[in-house]
Amino acid sequence: MSSEHTLTEQTITAIGDTTPKSGQDFIRAHILEDNASGRFGGRVHTRFPPEPNGYLHLGHAKSICLNFGVAREFNGQCNLRFDDTNPTKEETEYVESIREDVRWLGGDWEDRECYASNYFEQLYAYAEQLIQMGKAYVDDLSADQIREYRGTLTQAGRESPWRNRSVEENLDLFRRMRAGEFADGEKVLRAKIDMASPNVVMRDPTLYRIRHAEHHRTGATWCIYPMYDYTHCLSDSIEGITHSLCTLEFVNNRELYDWVLNTLGVYHPQQIEFARLNVTYTVLSKRKLIQLVREGHVSGWDDPRMPTLSGMRRRGIPPEALREFCNRIGLARADSTVEYAMLEFCVREWLNDHTPRLMAVLDPIKVVIENYPEDHVESFTMPCHPEDSSFGSRTVPFSRELYIERDDFRLDPPKKYHRLSPGAEVRLRYAYFITCREAVLDAAGRVCELRCTYDPASRGGQSPDGRKVKGTIHWVSAAQAIPAEVRLYDQLFAVENPNEAPEGKTFLDNLNPHSLTVVHGMLEPALGNLKTGERVQFERLGYFCKDRDSTETHPVFNRTVTLRDTWAKLEKKEV
RNA sequence: UGGGAUGUAGCCAAGUGGUAAGGCAACGGGUUUUGGCUCCGUCAUUCGAAGGUUCGAACCCUUCCAUCCCAGCCA
């Protein structure tokens, strides 16, 4: 294919290259105010802090675009920080996938790849400091007892009998916890705050728990691990973060975030919460995604139906489209669910401008051009993009036997159907006008072959007599066609909100049984030269991406998204 | 029932006392060798509800209603 657009571009473009459409959101407004007041000396430093216990998904994309985007817009920096404080759930496989996904989306953390586990020693020192201040104590209560003592949402909690141990005793006990003298669950370190606080988070939250477990980075160095609330604020502080952006469910935790930092008297970033992303027809919870993978409802984390970044990448969704999506959905504090159609729009918008057009027939019917010479093959030169000549052109063979799409022929055409039917004339794209003379049926009454004639004067697709033809259909020359496996994807879930399941059912009952259809189609020869990951439009069908399952003799394509189909809508309405 | 957060169109979302941006979806039309793209047009007398303040309220006050989050030694 002669073209300036080699589509395996996998180009790493940066977040923030596309500027947001409308005015700024409340977070950017907040940062502007802080800059104006000189609060952080005009500095902007954010962080994207995933826990390496699963793959990144669309929801993370919003956070990545926000954090890296804001940093770039304000000439600041954004750290990639692994929030790895729970050794029993985290794995190296996940940190690797996260790195790859963030980079793919365009996040650049330069040399600032951080790990909460890098701060364990510092965090420990701060904990001893809290103990010295009488602000933390070692509790011998069991997990169950702690829960009981915590009270309820409407009732204050009770103080632990171990709450008033001396500083010396706490220090000794905490050191022995670190030394491994106690079993898992035997003791914890708690902050001494207020068991009667209306905010349950403040009722003497656990700071450290004992876990005799191998950590993916620190190995067996530690057997006590800090909790999220304690770790996150201090990590932000240590890294000099200015604005700690997180989702709404952490609003309650902000009080504790502030308490730890204030009590220790250390550098204090500002936590700001925004609404997490929900999208129709999909689930964006790590727990549910991991379940889909573990129970084999999908082929893996990168199954093209998954809303994971790796799944969407494999499906052919370009990172630019994801970024545009994140720009368009806006940012606010109200719970919201964005329609999947919004994502599709962004995907089509980018693909339309950046993708060459070629022809493929996914459900072939053979067409024999009766008045076309046997054994003759001619070739057509066709542009690869109707509006952008920089995509170049390719040559396409034409011969007496072709394939066209089954859906482009009707024995009994409905009104307004302007494709092929007995006696009707259509244009074969960039080739000739053909007229259907006869439909050959097999024993089962199914159309198996079309006998047609062509008008030699219509070469190129125009007739010299000015005769108009309403339909233009795509085709592939049979002898030169390349067979291919094509995977047609639909929504993974059949309902708008998969989380809403009736009594006794789960989100799994909402899975769409037709989310994957595998067909065997015929490709025009030029399609044989694509590289894995390359994106292309199959004319009139949609955008496709060559899958890594392809072999030399067996190409495999994933359908990224269909084209808008006004006819399908019309036909459905007429029925 | 305690605390916190949030309600602007089918879905997102601007608007912050001067008379409801924009996008997606939908619908109608032009154009078209992709029923694609593109272009033009339509789409909130009303901002969760009810009162109040004001010359004037989506914006301020009061009450009410609805939804979401919090009782992990998860993050």
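Throughout, a chain's letter reflects where its sequence line sits, starting with A, and its residues are numbered from 1.
Counting only distance, with no hydrogens or angles, the side chain of R165(A) and the backbone of V138(A) share a donor-acceptor pair below 3.5 Å.
U67(B) and C11(B) are spaced 16 Å apart, taking the P atom of each and rounding to whole Å. When the P atom is used for both G17(B) and C61(B), the distance is 12 Å, rounded to whole Å. Remark: the separation of the C1' atoms in A25(B) and C69(B) is 30 Å, to the nearest Å. Between U8(B) and U19(B), the two C1' atoms lie 15 Å apart (nearest whole Å). When the P atom is used for both A49(B) and U54(B), the distance is 23 Å, rounded to whole Å. Annotation: A26(B) and C12(B) have their C1' atoms spaced 15 Å apart (nearest Å). The separation of C59(B) from U53(B), taken at their C1' atoms, amounts to 13 Å, rounded to a whole angstrom. Atom C1' of U34(B) sits at a distance of 44 Å from the matching atom of G7(B), rounded to the whole Å.
When the side-chain nitrogen and oxygen atoms of R328(A) are compared with OP1 and OP2 of A14(B), none of them lie within a distance under 4.0 Å. Of the side-chain N and O atoms in T566(A), one or more sit less than 4.0 angstrom from OP1 or OP2 of G36(B). Regarding contacts with the backbone of C73(B), every side-chain N or O of R147(A) stays at 4.0 angstrom or more from both OP1 and OP2. For G2(B), the OP1/OP2 oxygens have no side-chain nitrogen or oxygen of T152(A) closer than 4.0 Å. Within the structure, every side-chain polar atom (N or O) of R211(A) is placed at least 4.0 Å from both OP1 and OP2 of C73(B). Phosphate contact (OP1/OP2 of C74(B), side-chain N/O of R287(A), threshold under 4.0 Å): absent.
Salt bridge status for E51(A) with K89(A): absent, with no side-chain N to carboxylate O gap under 4.0 Å. Of the charged side-chain nitrogens involved, at least one lies within less than 4.0 Å of a carboxylate oxygen, so that R394(A) and E524(A) count as a salt-bridged pair.
In this model, no side-chain donor or acceptor of E273(A) finds a partner on the base of G4(B) within 3.5 Å. Between the side chain of R348(A) and the base of G36(B) there is no donor-acceptor pair of N/O atoms closer than 3.5 Å. Put simply, the side chain of E339(A) and the base of G10(B) share a donor and an acceptor less than 3.5 Å apart. A donor-acceptor contact under 3.5 Å links the side chain of N252(A) to the base of G3(B). Between the base of U34(B) and the side chain of Q537(A) there is a donor-acceptor pair shorter than 3.5 Å.
With a cut-off of 3.5 Å on both Watson-Crick or G-U wobble distances, the partner of U8(B) is given as G15(B). Checking C59(B) for Watson-Crick or G-U wobble geometry (two distances, each under 3.5 Å) identifies no partner in any strand. Figure legend. C37(B) is base-paired to no nucleotide; pairs are counted as Watson-Crick or G-U wobble with both atom distances under 3.5 Å.
Side-chain contact between P226(A) and Y119(A): absent, with no pair of heavy atoms (C-beta onward) separated by less than 4.5 Å. Taking 4.5 Å as the limit, every side-chain heavy atom of P318(A) sits out of range of all side-chain heavy atoms of H354(A).
A cation-pi arrangement is present between R158(A) and Y149(A) under the rule of less than 6.0 angstrom and at most 45 degrees off the ring axis. With a 6.0 Å cutoff to the six-membered ring centre and a 45° limit on the axis angle, R467(A) does not count as a cation-pi contact of F433(A).
Residue contacts for R203(A): at a heavy-atom cut-off of 4.0 Å it reaches no nucleic acid atom on any strand shown. Using a 4.0 Å heavy-atom distance criterion, A143(A) is classed as a base contact. Residue-level contact check: N253(A) touches the bases, meaning some heavy atom is under 4.0 Å from a base atom. At the heavy-atom level, H474(A) lies nowhere under 4.0 Å from the strands shown. Nucleic acid contact class of F325(A) (heavy atoms, under 4.0 Å, all strands): none.
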Can you check nucleotides 26-31 of chain B for protein contacts, nitrogen or oxygen pairs under 3.5 Å, and list what you find?
| unit_1 | atom_1 | unit_2 | atom_2 | d |
| --- | --- | --- | --- | --- |
| A26(B) | OP1 | K569(A) | NZ | 3.0 |

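Stacking between H232(A) and A75(B) is absent: the aromatic ring centre is not both under 5.5 angstrom from the base six-membered ring centre and within 30 degrees in plane angle. Y228(A) does not qualify as a stacking partner of the A75(B) base, lacking a centre-to-centre distance under 5.5 Å together with planes within 30°.
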